**Q** 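Quick one: structure below, then a few questions.
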Amino acid sequence: MRPTVLTVVGTRPQFVKAAALSRALRGRFTEVLVHTGQHYDRELSAAFFEDLDLAPPDVTLDVGSAGHGPQTARMRAGLVAAIRDAGPAAVIVHGDTNSTLAGALAAAIAGAKLAHVEAGLRSGNLAMPEEVNRIAADHLADLDLAPTAAAMENLAAEGLRERAVLTGDVMLDACLTARGRARPGALGRHGLEPGRYAFATVHRAENTDRPSRLEGIAAGLARVGLPVLLPLHPRTRLALARHGIALPRNVVATAPLGYAETLALLDAAALVLTDSGGLQKEAWFLGTPCVTLREETEWPETLEGGWNRLAGTDPERIEAAAAAARSPTGERDLGRYGGGRAAERIVAALAERVGP
Ligand code: UD1
């Protein structure tokens with residue numbers, strides 16, 4: 001009989017990562033998929049399951065939105081019960097969200113083995129909930145599955161070398177698969193021409209919850225010299241309204257977009273401006289220059305050769321970075337993110353540690 005693994009998902013990027021891994025995983029294991037309900041709007045959740053052909057969750061916890069403490073507590077209780085019901089050979093958590101932390105704690109409480117996909121990333125900024133979540137998950141895990149050599153070094157520096165395996169990044173696997181199924185109508189739908197617009201996203205709490213930072217980003221977007229398409233996360237839409245911040249005239253806001261449409265728009269953009277970790281990488285995978293609206297990145301490879309530039313939220317720095325970013329010089333080697341074979345390496349590492 002195949003061993004069971006229980007995968008915890010809850011947010012958009014986790015649906016992407018889990019879908020890329022599920023295809024390979026289900027060849028060797030029986031997968032129980034648990035959705036915490038951290039993301040629940042159709043655009044952020046159900047639309048991704050459809051877009052990615054991800055099997056519907058076996059268990060849904062419907063925890064909804066709340067702060068770091070109460071949200072993870074609610075998830076943890078439901079996850080401990082789900083893990084005890086399924087009795088998996090391993091629990092798999094992805095990335096660094098509150099669902100990741102809750103899954104890691106629940107596995108420890110239920111006495112199940114834990115595998116952390118996208119292990120070893122560090123921003124050095126403990127004010128981000130994501131940094132707390134990823135450190136806790138890495139240290140609780142029996143198996144740390146690292147996407148890059150830099151992540152392996154971070155794990156080794158924290159004494160976790162023995163449980164770490166370099167696998168590559170499942171987001172590259174997902175990107176390469178989806179690119180083959182590109183959406184030809186995506187640009188026309190938004191009235192955009194290839195190479196003549198910028199694509200932007202903003203959703204990090206550190207940016208949305210501080211009006212001065214959000215104002216800086218809006219002023220910076222006004223200076224990039226291109227029309228800017230800005231799909232708005234509900235958190236950002238609420239923050240703009242709450243702080244009375246108007247978007248500049250060159251910025252067109254839309255509802256959140258699906259995965260394939262986002263990739264098509266990223267691919268054809270002249271420039272990406274974002275505070276998302278996933279988008280920084282996807283821009284790099286696709287060869288689109290990126291300006292990161294933060295002071296640090298977990299993906300230092302993307303900075304080489306000027307493909308990604310850290311600009312924070314100061315309008316002048318955003319303007320200067322956007323101008324410089326239009327002509328990156330370095331080579332990009334997708335092998336540094338596993339070349340599209342991360343899922344098979346993760347399955348092999350899991351099979352070695354937990355059978356069959
Ligand atoms: C979460 C992750 C972040 C990840 C992002 C991907 C944490 C700490 N953050 O951020 O690392 O990059 O997902 O998108 O786990 N909301 C809705 N509908 C939804 C979900 C959320 O309206 O379906 C609104 C609510 O007002 C909620 C706010 O968005 O309070 C924030 O949601 P939350 O899940 O806490 O964090 P994200 O910003 O989505």
Side-chain angles (χ1 to χ4, degrees), residues 8-19 35-49 51-52 57 60-76 79 93-106 116-119 121-123 125-137 169 171 174 200-210 213-214 217 230-243 253 255-259 261-262 266 272 274-283 292-294 296-299:
V8 178
V9 292
T11 64
R12 278 190 297 194
Q14 288 165 332
F15 307 140
V16 175
K17 292 167 203 173
H35 187 338
T36 61
Q38 179 173 348
H39 283 176
Y40 44 87
D41 284 349
R42 195 192 133 66
E43 291 157 332
L44 301 189
S45 180
F48 276 72
F49 278 77
D51 216 4
L52 294 157
T60 307
L61 301 177
D62 289 328
V63 296
S65 298
H68 199 179
Q71 187 179 54
T72 46
R74 262 184 247 156
M75 290 175 187
R76 199 181 59 222
L79 287 168
V93 293
H94 289 267
D96 56 18
T97 72
N98 292 350
S99 298
T100 314
L101 174 63
L105 290 170
H116 182 205
V117 177
E118 211 178 71
L121 303 180
R122 297 291 181 266
S123 68
N125 177 1
L126 272 171
M128 298 169 65
E130 289 86 357
E131 184 77 350
V132 174
N133 296 343
R134 57 172 85 100
I135 291 173
D169 187 353
M171 284 195 67
T201 73
V202 183
H203 78 281
R204 292 272 179 192
E206 73 208 65
N207 285 336
T208 58
D209 296 359
R210 293 206 223 149
R213 294 182 71 90
L214 206 48
I217 290 172
L230 177 73
L232 277 181
H233 187 293
R235 176 201 276 281
T236 316
R237 187 178 289 282
L238 284 171
L240 287 168
R242 192 170 54 240
H243 306 313
L257 303 174
Y259 179 63
E261 187 168 12
T262 299
L266 268 181
V272 177
T274 188
D275 61 5
S276 151
L279 244 68
Q280 289 173 55
K281 280 188 294 178
E282 284 160 347
T292 293
L293 305 168
R294 289 176 53 199
E296 68 273 317
T297 179
E298 293 79 17
W299 307 103

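Please read these numbers as outputs of a predicted model, since none were measured by experiment. Read the numbers this way: they start at 1 and go in the same order the structure lists the ligands and their atoms. What's counted below: heavy atoms across the whole structure, side chains too, no hydrogens, waters or symmetry copies. Sequential numbering from 1 along the given sequence is applied to the chain's residues.
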**Q** In the protein, which heavy atom is nearest to atom 22 (O) of ligand 1, and how far is it?
**A**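 Result for atom 22 (O) of ligand 1: Pro234 CB, 3.1 Å.
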**Q** Between ligand 1 and Gln71, is the shortest N or O to N or O distance under 3.5 Å?
**A**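 Gln71 vs ligand 1: no N/O contact under 3.5 Å.
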**Q** Kindly identify the option in Asn98, Asp275, Val63 whose heavy atom sits closest to atom 8 (C) of ligand 1.
**A**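 Going through Asn98, Asp275, Val63 one by one, Asn98 has the nearest heavy atom to atom 8 (C) of ligand 1.
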**Q** Give a yes-or-no answer on whether the side chains of Thr36 and Gln71 include a donor-acceptor pair shorter than 3.5 Å.
**A**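 No, because no side-chain N or O of Thr36 sits under 3.5 Å from a partner of the opposite role on Gln71.
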**Q** Strictly by modelled atom types, are Thr97 and Gln14 linked by a side-chain donor-acceptor pair under 3.5 Å?
**A**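 Present: a donor and an acceptor within the cut-off.
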**Q** Of all the atoms in ligand 1, which lie at a distance below 4.0 Å from a heavy atom belonging to Pro129?
**A**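 Reading through ligand 1 atom by atom, the close ones are 8 (C).
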**Q** Starting from atom 4 (C) of ligand 1, what is the nearest protein heavy atom, named by residue and atom, and what distance separates them?
**A**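 Of every protein heavy atom, His203 NE2, 3.7 Å lies nearest to atom 4 (C) of ligand 1.
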**Q** Looking only at heavy atoms, is any part of Ala205 under 4.0 Å from ligand 1, and if so is it the side chain, the backbone, or both, or is it neither?
**A**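 Looking at Ala205 and ligand 1, no heavy atom falls under 4.0 Å.
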**Q** Considering only the protein, which heavy-atom contact is closest to atom 2 (C) of ligand 1, and what is its distance?
**A**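 Atom 2 (C) of ligand 1 sits closest to the protein heavy atom Thr97 CG2, 3.9 Å.
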**Q** Any atoms of ligand 1 less than 4.0 Å from a non-hydrogen atom of Leu44? List them with their elements.
**A**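 Near Leu44, meaning under 4.0 Å from one of its heavy atoms, ligand 1 has 19 (C), 20 (C), 23 (O).
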**Q** Can you list the steps and then say if Phe15 with His39 is a ring-ring contact (aromatic ring centres under 6.0 Å, His included)?
**A** CA-CA 10 Å; Phe15 307 140; His39 283 176; 7.1 Å; no
**Q** Do Thr208 and His233 have a side chain donor and acceptor closer than 3.5 Å?
**A**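 No - no donor-acceptor pair under 3.5 Å links their side chains.
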**Q** Answer whether the closest heavy-atom distance between the side chains of Leu101 and Met75 falls below 4.5 Å.
**A**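 They are not in side-chain contact.
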**Q** In terms of residue, atom name and distance, what is the protein heavy atom nearest to atom 14 (O) of ligand 1?
**A**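 Minimum-distance protein heavy atom for atom 14 (O) of ligand 1 reads His39 CE1, 3.1 Å.
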**Q** Looking just at side-chain N and O atoms, do Ser123 and Glu131 make a donor-acceptor pair shorter than 3.5 Å?
**A**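 Side chains of Ser123 and Glu131: pair found under 3.5 Å.
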**Q** Which heavy atom of the protein is the closest neighbour of atom 16 (N) of ligand 1, given with residue, atom name and distance?
**A**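 It is Tyr40 OH, 3.6 Å.
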**Q** Is any side-chain heavy atom of Ile135 less than 4.5 Å from a side-chain heavy atom of Arg122?
**A**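 When only atoms from C-beta onward are counted, Arg122 and Ile135 do touch, with a gap below 4.5 Å.
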**Q** At less than 4.0 angstrom from any non-hydrogen atom of Arg12, what atoms of ligand 1 do you find?
**A**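 This gives 14 (O) as the contact atoms.
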**Q** For Phe48, which residues count as a ring-ring contact (aromatic ring centres under 6.0 Å, His included) partner, sequence neighbours excluded?
**A**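 ring-ring contact (aromatic ring centres under 6.0 Å, His included) list for Phe48, sorted by chain: empty.
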**Q** What is the nearest protein non-hydrogen atom to atom 25 (C) of ligand 1, stated with its residue, atom name and distance?
**A**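 The answer is Ser65 OG, 3.4 Å.
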**Q** Out of curiosity, is His233 lining ligand 1, as in a heavy atom under 4.0 Å away?
**A**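 In this structure, His233 qualifies as a contact of ligand 1 - some heavy atom is under 4.0 Å.
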**Q** Quick one: which ligand 1 atoms are inside 4.0 Å of a heavy atom on Leu238?
**A**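 Listed by number with element: 26 (O).
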**Q** So is there a nitrogen or oxygen of Asp41 less than 3.5 Å from a nitrogen or oxygen in ligand 1?
**A**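 For ligand 1, there is an N or O atom that lies under 3.5 Å from one belonging to Asp41.
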**Q** Are the side chains of Pro231 and Thr262 in contact, using a 4.5 Å heavy-atom criterion?
**A**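 Answer no - side chains too far apart.
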**Q** What is the nearest protein non-hydrogen atom to atom 33 (P) of ligand 1, stated with its residue, atom name and distance?
**A**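 In this structure, atom 33 (P) of ligand 1 has Gln38 NE2, 3.9 Å as its nearest protein heavy atom.
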**Q** Would you call Arg134-Glu118 a salt bridge at under 4.0 Å N-O?
**A**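 Result for this pair is no, no salt bridge flagged.
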**Q** What pair of heavy atoms forms the shortest contact from Leu105 to Arg76, and how long is it?
**A**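 For Leu105 versus Arg76, the nearest heavy atoms are CB-CD, 3.7 Å.
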**Q** Just to confirm my output: which protein heavy-atom neighbour is closest to atom 11 (O) of ligand 1, and how far is it?
**A**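 Scanning the protein heavy atoms, the shortest distance from atom 11 (O) of ligand 1 goes to Glu130 OE2, 2.6 Å.
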**Q** State whether the shortest distance between N or O atoms of Arg235 and N or O atoms of ligand 1 falls below 3.5 angstrom.
**A**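 N/O-N/O distance below 3.5 Å exists for this pair.
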